[in-house]
Engineer: 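Please find one structure pasted underneath; my questions will follow.
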Amino acid sequence: HLHKFKVIIRGNDLREKISQSKCPYFIIDLMHWDKHTEKEKKKVALQASQSYGVIRDYLWGDRLALTWVNEEFKKLANFPLDKITSYEGPTAEFLKKEGIDEVVLLDPWAEKDLSKEDFSTGAFIIGGIVDTGGTKKKTTPKIGEELERVGIKVKRRKISLRGDVIGVPDRINLILELLLKMVVEGKGMDKAILEVQ
Ligand code: SAM
């Protein structure tokens, strides 16, 4: 289990070599970047920057990957992109390069809740989406469709409070933190939600 693993080797020189290879990627997918207003783009960049802070609290900077990275994002992102995994092409291309053919997509529209059985995946994907108006409804499932189109298996999973996504924070960095509390620390969904609220 990831949690035990991290504790055992914390402070050990071997930490990087052993654990990073077994550790999944946490991907923020920027496929829908152009659907955002200027103000929203700034928010996406800010939440990505906060995600960098979050990943370093739990794992290693390079386990956070950003895909579809473009020049505009680079200008807005005020954190060191060389400390994370930054990829300028499509998510599917990045996954193929890494030899990952099955992913878990965090999707508020999914039928099933995220559970322990989903943790042994190569990558978790969070939509790099910020909603201020109602213009980006159901954009997360589209990220999954795009991946399935090229043969990647996508498990769509939601985070809910007793089946309901209302009351679950939807900021990118908070979804990431919630996810890390569950996957790395082994906490239950309710507890993880409570702790990020
Ligand atoms: N407007 C988007 C939609 O309707 O699909 C939701 C965007 S949400 C602000 C940003 C991202 O956080 C989503 O793409 C998803 O990956 C994640 N997310 C937010 N709430 C979630 C939930 N309850 N369960 C799973 N993932 C969630």
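Each ligand, and each atom within it, is numbered from 1 in the order the structure gives.
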Engineer: Can you report which non-hydrogen protein atom sits closest to atom 14 (O) of ligand 1, along with the distance?
Structural biologist: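 Going by distance alone, atom 14 (O) of ligand 1 is nearest to Thr140 OG1, 2.8 Å.
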Engineer: To which protein heavy atom is atom 6 (C) of ligand 1 closest, and what is the distance rounded to 0.1 Å?
Structural biologist: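 Nearest neighbour among protein heavy atoms for atom 6 (C) of ligand 1, to 0.1 Å: Asp131 OD2, 3.5 Å.
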Engineer: What are the atoms of ligand 1, with element, lying closer than 4.0 Å to any heavy atom of Trp109?
Structural biologist: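 With Trp109 as reference, the close atoms of ligand 1 come out as 3 (C), 4 (O), 5 (O).
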Engineer: Can you tell me which residue and heavy atom of the protein come closest to atom 21 (C) of ligand 1, and the distance to 0.1 Å?
Structural biologist: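 Checked against all protein heavy atoms, atom 21 (C) of ligand 1 sits closest to Ile175 CD1, 3.6 Å.
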Engineer: Please determine if Gly127 has a nitrogen or oxygen closer than 3.5 Å to a nitrogen or oxygen of ligand 1.
Structural biologist: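 Yes; at least one N/O pair falls below 3.5 Å.
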Engineer: Which of the atoms in ligand 1, numbered in the order shown and given with their element, are less than 4.0 Å from a heavy-atom of Lys137?
Structural biologist: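 Once the distances to Lys137 are compared, the set is 4 (O).
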Engineer: Suppose I only count heavy atoms of Lys136 and a 4.0 Å limit; which atoms of ligand 1 are within that range?
Structural biologist: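 Every atom of ligand 1 under 4.0 Å from some heavy atom of Lys136: 1 (N), 2 (C), 3 (C), 4 (O).
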Engineer: Report the part of Asp107 in contact with ligand 1, treating N, CA, C, O as backbone and CB onward as side chain, heavy atoms under 4.0 Å; options are side chain, backbone, both, neither.
Structural biologist: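 Just the backbone.
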Engineer: Give the residue and atom name of whichever protein heavy atom lies nearest to atom 10 (C) of ligand 1, and the separation in Å to one decimal.
Structural biologist: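 The answer is Ile129 O, 3.3 Å.
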Engineer: Which ligand 1 atoms does Val165 reach within 4.0 Å, using its non-hydrogen atoms?
Structural biologist: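 By the 4.0 Å cutoff, the relevant atoms are 23 (N).
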Engineer: Is Val165 reachable from Leu194 through a run of hydrophobic residues whose side-chain heavy atoms are each under 4.5 Å from the next?
Structural biologist: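 As far as the 4.5 Å side-chain criterion goes, Val165 and Leu194 are not connected within one cluster.
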Engineer: Among all protein heavy atoms, pick the one closest to atom 15 (C) of ligand 1 and tell me residue, atom and distance.
Structural biologist: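 Minimum-distance protein heavy atom for atom 15 (C) of ligand 1 reads Leu106 O, 3.1 Å.
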Engineer: Could you identify the single nearest non-hydrogen protein atom to atom 24 (N) of ligand 1 and state the distance to 0.1 Å?
Structural biologist: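 Heavy-atom neighbour on the protein nearest atom 24 (N) of ligand 1: Ile159 N, 2.8 Å.
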Engineer: State, with a plain yes or no, whether a side-chain heavy atom of His32 is found less than 4.5 Å away from one of Trp68.
Structural biologist: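 No, too far: nothing below the 4.5 Å cut-off.
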Engineer: For atom 4 (O) of ligand 1, which of Lys138, Arg156, Arg171, Lys142 has the closest heavy atom?
Structural biologist: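 That would be Lys138.
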Engineer: Taking atom 8 (S) of ligand 1 as the point of reference, which of Ile126, Thr132, Asp170, Leu179 owns the nearest heavy atom?
Structural biologist: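 Heavy atom nearest to atom 8 (S) of ligand 1 belongs to Asp170.
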Engineer: Cation-pi between Lys158 and Trp109: NZ/CZ under 6.0 Å from ring centre and within 45° of the ring axis?
Structural biologist: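 Checked: cation-pi criterion not met.
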Engineer: So which heavy atom on Ser160 is nearest to which on Asp190, and how close?
Structural biologist: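 For Ser160 versus Asp190, the nearest heavy atoms are O-OD1, 4.3 Å.
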